[in-house]
Visitor: 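Below you'll find the structure I mean.
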Number of protein chains: 2
Amino acid sequence: MSTRRPVRHATTARRTPTPELLGLVAGRFRALGEPARLGILHALEDGPLSVTALVARTGLGQANLSKHLQQLHSAGFVSRTRRGMFVDYALADERVLHLCELMCGRLDDDLAASRAVMAPQRRSA
Amino acid sequence: MSTRRPVRHATTARRTPTPELLGLVAGRFRALGEPARLGILHALEDGPLSVTALVARTGLGQANLSKHLQQLHSAGFVSRTRRGMFVDYALADERVLHLCELMCGRLDDDLAASRAVMAPQRRSA
DNA sequence: CAACCGTATGCCGATATGGTTATACCGTAC
DNA sequence: GTACGGTATAACCATATCGGCATACGGTTG
C-alpha cells in the first residue's frame, strides 16, 4: 500500500531512453494533456462513477466521454468494472492525482512569477 | 531552493477546477506528451545546451527543435539564456524530472502487469 | 422472443499539431 | 560597412485529434 517507492525502476534505466520508451511515456502524458480528461479524473476523485453519471457530472457528450474513458483506460489511469448494465470507471490509483498536484504546483509558481512580473510593485490587483 | 513543498497551493484549490485551470494544466501535460520534447528534456539533464548542441544530441531538425524548445519554454519547463551568438537552454527546475520519474514508475508497473498477464506461468520470456 | 437502457464504435468535419523548407532576425568577426 | 554563423519564424503539407451524429453492441426486463 505504500506510496513510498524507489524512483528508479527496472525498465526505466537512466541511460538514453529508447525511442519506444519515449513514445510510451509521451503517450501517458498526452492522455493527461486534455482538459476534458482531466475533468473526468477530477470527477472520479470522490469514487467510481458510471458513464451516465460522468455525463451528468462533466457535461460531456456520451460518445465523446466514452472515447476519453477509453484513452484513460489504455493509459492505465482508470479501471473499468461492469455492474449490471452499467460500467463503473474509477481511478486506477492515486499516483495520477500526485502527478496533477505536481503539475499544479508548477503552475501556481509560474502564475505567481508572471504576476510578479506584470505588477512588480502593486499590491494585489 | 527546497524541492520540499506543500502539495496544495493557493490557486489550485481542491473544488471544481475552472475550465481555464484545466486548460492550463492540460497544456502543461501536453507539452510533455511528445517523444521529441521528452528527448530534449533528457538531453538537458546533464546541463544546459545550445540549440546547435541539441540538434546534434537529439537528431532533430533545427527549425523543428526550435519550435519544440519554444513550447517547452512557454510551458515553463526550460529556461533560455543568450551566450554570444548561442542560446543555451536548461531545465527550469528538477520538478519536471520528478514528473517523468513518476510517469515512468507507472509505466514500469503496467508493463510488469501486462507481462504477468501475457505469461502468467512462464519464467521470463 | 422483443423492447429497452447503457455503453462502445464508425464516420464525418473542423481544428490542431509535427516536420520540412525557405527565409528573416540577431549577434559576431572581418 | 559586409559577410557569416546561430537561432527564430513563416508557409506549407501530412497527419492526428476532438466533438458530434448515428448506429451497433451487450445486458436486462418483460
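Every chain is numbered from 1, with letters handed out A, B, ... down the list of sequences. Excluded from the calculations below are hydrogen atoms, water molecules and symmetry mates; all remaining heavy atoms, backbone and side chain alike, are included.
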Visitor: Need one value for Arg80(A): base, sugar-phosphate or nothing, where a base atom within 4.0 Å counts as base even if backbone is also close, heavy atoms only.
Guide: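 The residue Arg80(A) makes sugar-phosphate contact but no base contact.
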Visitor: In whole angstroms, how far is the P atom of dT7(C) from the CG atom of Leu69(A)?
Guide: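 Going from CG in Leu69(A) over to P in dT7(C) covers 10 Å.
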Visitor: Base, sugar-phosphate or nothing for Gln70(B)? Non-hydrogen atoms, less than 4.0 Å.
Guide: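 Since only primed, P, OP1 and OP2 atoms lie under 4.0 Å of Gln70(B), the category is sugar-phosphate.
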Visitor: Nearest-Å distance, CG (Leu65(B)) to P (dG19(C))?
Guide: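 Whole-Å distance recorded here is 10 Å.
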Visitor: On DNA chain D, does the nearest nucleotide to Leu60(A) precede the nearest nucleotide to Gly84(A) from the 5' side, or the other way round? Give the residue.
Guide: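 The 5'-side residue here is Leu60(A).
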Visitor: Hey, does Glu34(B) reach any base, or is it just sugar-phosphate, or nothing, if we go heavy atoms under 4.0 Å?
Guide: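 Glu34(B): backbone/sugar contact only, no base atoms under 4.0 Å.
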Visitor: Can you tell me how far C1' of dG27(C) sits from CG of Asp88(B), to the nearest Å?
Guide: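 About 14 Å, once rounded to whole Å.
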Visitor: When we call it a touch if two heavy atoms are under 4.0 Å apart, what does Thr52(A) touch: a base, just sugar-phosphate, or nothing?
Guide: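 Sugar-phosphate contact only - Thr52(A) comes under 4.0 Å of backbone atoms but never of a base.
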Visitor: Taking only side-chain nitrogens and oxygens of Arg37(B), does any of them come within less than 4.0 Å of OP1 or OP2 of dG18(C)?
Guide: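 For Arg37(B), the contact criterion (side-chain N or O under 4.0 Å from OP1 or OP2 of dG18(C)) is met.
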Visitor: What is the distance, rounded to the nearest whole Å, between atom CZ of Phe86(B) and atom P of dG6(D)?
Guide: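 From Phe86(B) CZ to dG6(D) P: 5 Å.
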Visitor: Just N and O in the side chain of Gln62(B): are any of them under 4.0 Å from OP1 or OP2 of dG19(C)?
Guide: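 So the side-chain polar atoms of Gln62(B) never come under 4.0 Å of the phosphate oxygens OP1 or OP2 of dG19(C).
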Visitor: Expressed in angstrom and rounded to an integer, what is the separation of Lys67(B) atom NZ from dA16(C) atom C1'?
Guide: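 Atom-to-atom, Lys67(B) to dA16(C), this comes out as 12 Å.
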Visitor: From the options Val87(B), Asn64(B), Leu54(B), Leu60(B), select the one residue that forms a side-chain contact (heavy atoms from CB on, under 4.5 Å) with Leu69(B).
Guide: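 When side-chain contact (heavy atoms from CB on, under 4.5 Å) is applied between Leu69(B) and each of Val87(B), Asn64(B), Leu54(B), Leu60(B), only Leu54(B) qualifies.
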Visitor: Measure from the side-chain heavy atoms of Ala36(B) and tell me the nearest of dT20(C), dC18(D), dG19(C).
Guide: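 The nucleotide sitting nearest to the side chain is dG19(C).
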Visitor: Please give, in whole Å, the distance from dC25(D) P to Arg82(A) CZ?
Guide: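 The answer, rounded to whole Å, is 15 Å.
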Visitor: Does a side chain donor of either His42(A) or Glu45(A) reach within less than 3.5 Å of an acceptor in the other side chain?
Guide: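 Yes - a donor-acceptor pair under 3.5 Å links their side chains.
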Visitor: Under the 3.5 angstrom rule, does the side chain of Arg37(A) hit a backbone N or O of Ala31(A) as a donor-acceptor pair?
Guide: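 Confirmed, Arg37(A) side chain pairs with Ala31(A) backbone.
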Visitor: What are the two closest non-hydrogen atoms of Met85(B) and Arg82(B), and how far apart are they?
Guide: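 Taking every non-hydrogen atom into account, O-NH2, 3.5 Å.
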Visitor: Any side-chain heavy atom of Leu49(A) sitting closer than 4.5 Å to one from Ile40(A)?
Guide: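 Leu49(A) vs Ile40(A): side chains apart.
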Visitor: In whole Å, I'd like the distance from the NE2 atom of His68(B) to the C1' atom of dT9(D).
Guide: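 Going from NE2 in His68(B) over to C1' in dT9(D) covers 15 Å.
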Visitor: Picking from dC18(D), dT7(D), dT28(C), which would you name as closest to the side chain of Met85(B)?
Guide: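 Of all the options, the side chain of Met85(B) is nearest to dT28(C).
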Visitor: Between Tyr89(A) and dA8(C), does any side-chain N or O lie under 4.0 Å from OP1 or OP2?
Guide: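 Result: yes.
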Visitor: By nearest heavy atom, map Ala53(A) and Arg30(A) onto DNA chain C; which one lands nearer the 5' end?
Guide: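 Whichever sits nearer the 5' end wins; that is Ala53(A).
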Visitor: Take the protein atom CG of Asn64(A) and the nucleotide atom C1' of dC21(D), then report the distance between them rounded to whole Å.
Guide: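 For the pair Asn64(A) CG and dC21(D) C1', the rounded distance is 12 Å.
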